[in-house]
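Just so we're on the same page: letters track the sequence lines, and every chain starts at 1. What you see is a predicted model; the values in this text were computed from it and never measured.
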There are 2 protein chains.
Amino acid sequence: MFRKFLTAAVAVSALLAGSAHAQDAATAEALRDKALRDYLAWDITEDLTTNIGPRLVGSPAMEKARDWGVAKFKALGFTNIKVDEFAKTSWTRGEESAWLMAPYAMNLNPVGLGRTVSTPPGGVEAEVALFKTYAEMIAAPEGALKGKIVVVTQPMVRAQDGAGYGVAGISRRAGPVEAAKRGAVAMLIRSISTSDSSVPHTGSTANGEGVVTIPAAAIGVPEAEQLERLAAGGKPLRIKLNLQSSFDPKDVAWNISGDIKGSEKPDEVIVIGGHLDSWDVGTGALDDATGIAITTAAAKLIGDLPRHPKRTIRVVMWGSEESGGSSDAYLAANKDGLSKIVLAGESDTGADRIYSLQVPAGALDHPVIKTATRVLMPLKIYLDRAPAAHGGADIGAIEEAGVPVINLNQDASRYFDYHHTADDTLNKVRPDELAQNVAAWASFLYLVADSDIDFRALGAAAPKPASH
Amino acid sequence: MFRKFLTAAVAVSALLAGSAHAQDAATAEALRDKALRDYLAWDITEDLTTNIGPRLVGSPAMEKARDWGVAKFKALGFTNIKVDEFAKTSWTRGEESAWLMAPYAMNLNPVGLGRTVSTPPGGVEAEVALFKTYAEMIAAPEGALKGKIVVVTQPMVRAQDGAGYGVAGISRRAGPVEAAKRGAVAMLIRSISTSDSSVPHTGSTANGEGVVTIPAAAIGVPEAEQLERLAAGGKPLRIKLNLQSSFDPKDVAWNISGDIKGSEKPDEVIVIGGHLDSWDVGTGALDDATGIAITTAAAKLIGDLPRHPKRTIRVVMWGSEESGGSSDAYLAANKDGLSKIVLAGESDTGADRIYSLQVPAGALDHPVIKTATRVLMPLKIYLDRAPAAHGGADIGAIEEAGVPVINLNQDASRYFDYHHTADDTLNKVRPDELAQNVAAWASFLYLVADSDIDFRALGAAAPKPASH
């Protein structure tokens with residue numbers, strides 16, 4: 001399974017023989033090839049998903065995950081290990097059920113959107129107003145949906161870069177607020193999903209803190225399509241929805257970090273990572289145990305080198321991505337050191353292969369990036385000349401505060417079949433593709449960490465093209 | 001999508017020009033090609049799954065389905081429409097839940113096996129005895145599993161002919177009886193599934209009528225694998241299982257039939273069909289709305305011909321396949337006419353393409369079968385020279401009583417990803433493959449129905465090879 005990646009394994013260092021980058025390129029290639037046969041990322045993923053399980057912010061499992069993260073960093077030789085606590089209102093799912101009541105009785109299988117408010121005890125029953133697109137629901141005037149349960153069945157487009165998520169996801173993120181404005185009593189959405197599965201997808205919605213919203217859940221694709229067909233038949237639909245949950249405004253979460261200390265400029269830091277928290281359905285394998293595993297394993301491989309690269313590589317296990325807050329908390333805790341963060345990146349789109357690299361605009365033709373591009377090519381990764389932007393949710397706040405970012409873009413074609421569902425489990429992770437991720441991160445990180453490349457000076461903030 | 005099937009569309013009748021079969025072959029080819037572009041089977045499948053929904057024996061939906069079946073036969077021009085009622089103890093699913101309690105708390109998603117007995121109210125909690133194969137559980141001596149919840153995680157092999165179902169299915173069919181003998185208090189099985197999905201598969205187990213059994217459920221593949229990994233970690237596992245259900249011994253079910261009356265020998269009957277009942281999860285699309293749709297649409301296409309074939313084609317909508325009983329009831333109701341049933345076949349493996357034909361041993365080289373083989377080849381169907389046997393569950397009783405059977409074997413590679421689950425829904429049906437099924441049935445049926453071929457005399461009961 002790995003041989004296919006190795007075709008050009010010795011080419012880059014040979015090309016560079018005699019140049020200043022030759023030794024670095026050779027080291028990066030060796031890291032890459034070692035990573036392709038290394039099972040550390042798999043072992044981390046298996047351990048976290050099996051022995052901790054799902055990791056919702058505020059759950060006992062998340063405390064175990066915090067201790068697990070610290071122990072993992074220690075065991076793998078990371079230094080400067082920190083646990084930064086921050087306040088976070090947590091949310092806990094309770095009883096959930098739904099029934100189609102008319103034109104006939106049929107059990108539905110809903111999953112409450114993350115941080116939804118509850119229905120009244122026992123549930124709410126109402127006639128359905130079904131919209132095949134979100135835009136059609138928005139077109140309904142305020143009050144027009146009074147007393148209704150709104151159902152939006154807009155599908156999601158499968159796209160390698162995950163572009164369908166933003167388009168379809170608005171139903172989940174903003175839908176309940178907009179439906180509430182129009183008088184609806186509850187909302188059901190077709191899962192934000194590229195699959196044909198009955199397993200519904202959760203994910204955060206407006207969280208009821210300071211905005212008027214209504215109880216909201218997702219239903220699986222076949223159920224959404226069934227409701228569409230029944231509605232097309234012309235008979236009125238009625239649904240009963242029961243969603244119970246609770247908030248705890250006094251809860252906390254933690255960002256955890258560990259370093260591979262730089263050998264010459266340890267105060268210059270490259271921040272990478274994945275998020276430790278997950279939804280409560282599934283075991284958060286693709287979202288985002290594998291992000292934790294990929295970045296931790298890549299840094300550990302670099303840490304095992306006889307000489308560390310010049311700069312420090314810091315892995316952050318973000319503590320509240322799904323429920324929000326870890327990004328702002330990290331910025332708040334690191335305001336003073338911000339200018340010393342030379343680069344940031346995160347891994348949070350599962351574990352399928354990386355297919356492209358994006359870097360800050362000014363660095364596109366830098367010799368180090370040219371070397372990196374050559375080292376990555378045998379992994380089937382190309383340099384996308386659209387500059388990096390929106391490095392990820394957890395590095396969003398420091399990116400906005402001026403930290404340059406890179407993207408190692410994972411193929412998202414399959415990711416949205418599983419993410420935020422009971423099917424986000426270890427058996428969806430392909431070991432060879434996971435290893436390809438580690439190989440890309442380790443070789444790229446090493447080259448950048450051992451360089452003097454100043455992404456800020458080169459122009460990190462070039463205009464973002466519309467396509468990204 | 002259909003063009004690929006049409007390459008050899010005029011070949012067979014041309015080859016036979018001047019022979020006795022030429023006209024029949026041309027008619028069969030025309031039926032085949034018309035069926036490939038016909039949407040009747042799709043419309044029947046969509047109507048039944050959308051407007052009736054799941055159809056568990058004993059449910060109000062099954063009464064609606066009975067009336068739907070009669071109305072459908074009438075609307076499509078079938079004659080001699082019959083509703084044969086028979087006694088059937090029905091089973092209704094109640095509340096179901098399961099939790100892993102140790103080494104940590106995790107919600108599981110069980111589905112009670114069909115016709116399982118209940119746990120005590122509130123459930124049963126016990127330590128787990130996990131076996132990776134059914135054989136290992138059987139090897140445990142009587143009493144050795146006293147007080148345990150047995151978990152069997154044996155996987156199922158994906159196979160085009162569905163052979164993996166028999167091998168893995170024994171856990172479901174016989175497991176609870178065998179585990180009870182050994183002292184277990186409940187049983188969980190890894191879904192009898194070829195998928196990697198979290199959606200669990202139900203299906204009949206020993207039904208508690210006259211045999212000592214225990215409450216039993218299936219869990220999805222990722223959960224079974226998670227329990228395996230945790231058990232391998234060495235810590236004791238505890239599970240709490242709550243399964244509630246009820247039996248009604250005074251219930252009834254119905255076999256419904258309709259005829260395309262033969263033009264010359266109307267008393268000679270070919271019995272085909274699918275089953276109208278389904279499990280209560282999903283909408284019974286692949287199992288077996290499509291079987292109803294394929295056989296009904298094929299017969300209707302033949303009924304539309306200016307001249308009906310010589311023999312009568314009878315479509316039976318079997319009333320209790322999943323819960324058992326329709327096969328025996330049909331034999332009991334048709335004992336007198338049995339010698340006039342010249343052939344039987346059923347469609348009950350979803351809606352993916354047919355890939356082979358099997359006929360009674362003595363008919364393998366009959367000119368009509370040779371013609372049929374040629375007519376079916378453009379549909380990519382070959383004649384398997386292993387003789388037909390085990391034509392299906394619903395024709396099992398009449399087959400045992402001497403009725404010759406044929407198999408039009410559907411590709412089952414994908415079928416066991418979905419069957420008996422909440423994902424057995426319309427969106428798993430591929431319209432072009434559904435149409436290929438109808439094309440095969442219509443053309444084959446026509447040739448046999450318009451022939452004098454006597455399968456009994458030719459030797460229907462040849463020895464069955466071990467591989468089928």
With a 4.5 Å heavy-atom cut-off, do Val111(A) and Trp279(A) have their side chains touching?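 Side chain of Val111(A) against side chain of Trp279(A), heavy atoms only: no contact under 4.5 Å found.
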
Short N-O contact, Lys428(A) and Asp417(A), less than 4.0 angstrom: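 Result for this pair is no, no salt bridge flagged.
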
Any Lys/Arg nitrogen of Arg414(A) or Asp352(A) sitting under 4.0 Å from an Asp/Glu carboxylate oxygen of the other?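 Salt bridge: yes.
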
Which atoms of [X] approach chain B - backbone, side chain, both or neither, heavy atom under 4.5 Å:
X: Asn51(A); answer: both
X: Thr425(A); answer: side chain
X: Ser59(A); answer: neither
X: Ile52(A); answer: backbone
X: Lys64(A); answer: side chain

So what's closer than 4.5 Å to chain A heavy atoms on Glu223(B): side chain, backbone, both or neither?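 Interface part for Glu223(B): neither.
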
Checking Thr283(B) against chain A: side chain, backbone, both or neither under 4.5 Å from a heavy atom?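 Side chain only.
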
Determine, stepwise, if the pair Leu130(B) / Glu228(B) fulfils side chain to side chain contact (heavy atoms under 4.5 Å, CB included). CA-CA 7 Å; Leu130(B) 185 142; Glu228(B) 261 186 20; 4.1 Å; yes

Side chain to side chain contact (heavy atoms under 4.5 Å, CB included) between Leu108(B) and Ile239(B), worked out: CA-CA 9 Å; Leu108(B) 300 172; Ile239(B) 283 177; 4.1 Å; yes

Indicate whether any N or O donor in one side chain lies under 3.5 Å from an N or O acceptor in the other, for Ser245(A) and Trp91(A).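 Trp91(A) and Ser245(A) do have a side-chain donor-acceptor pair below 3.5 Å.
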
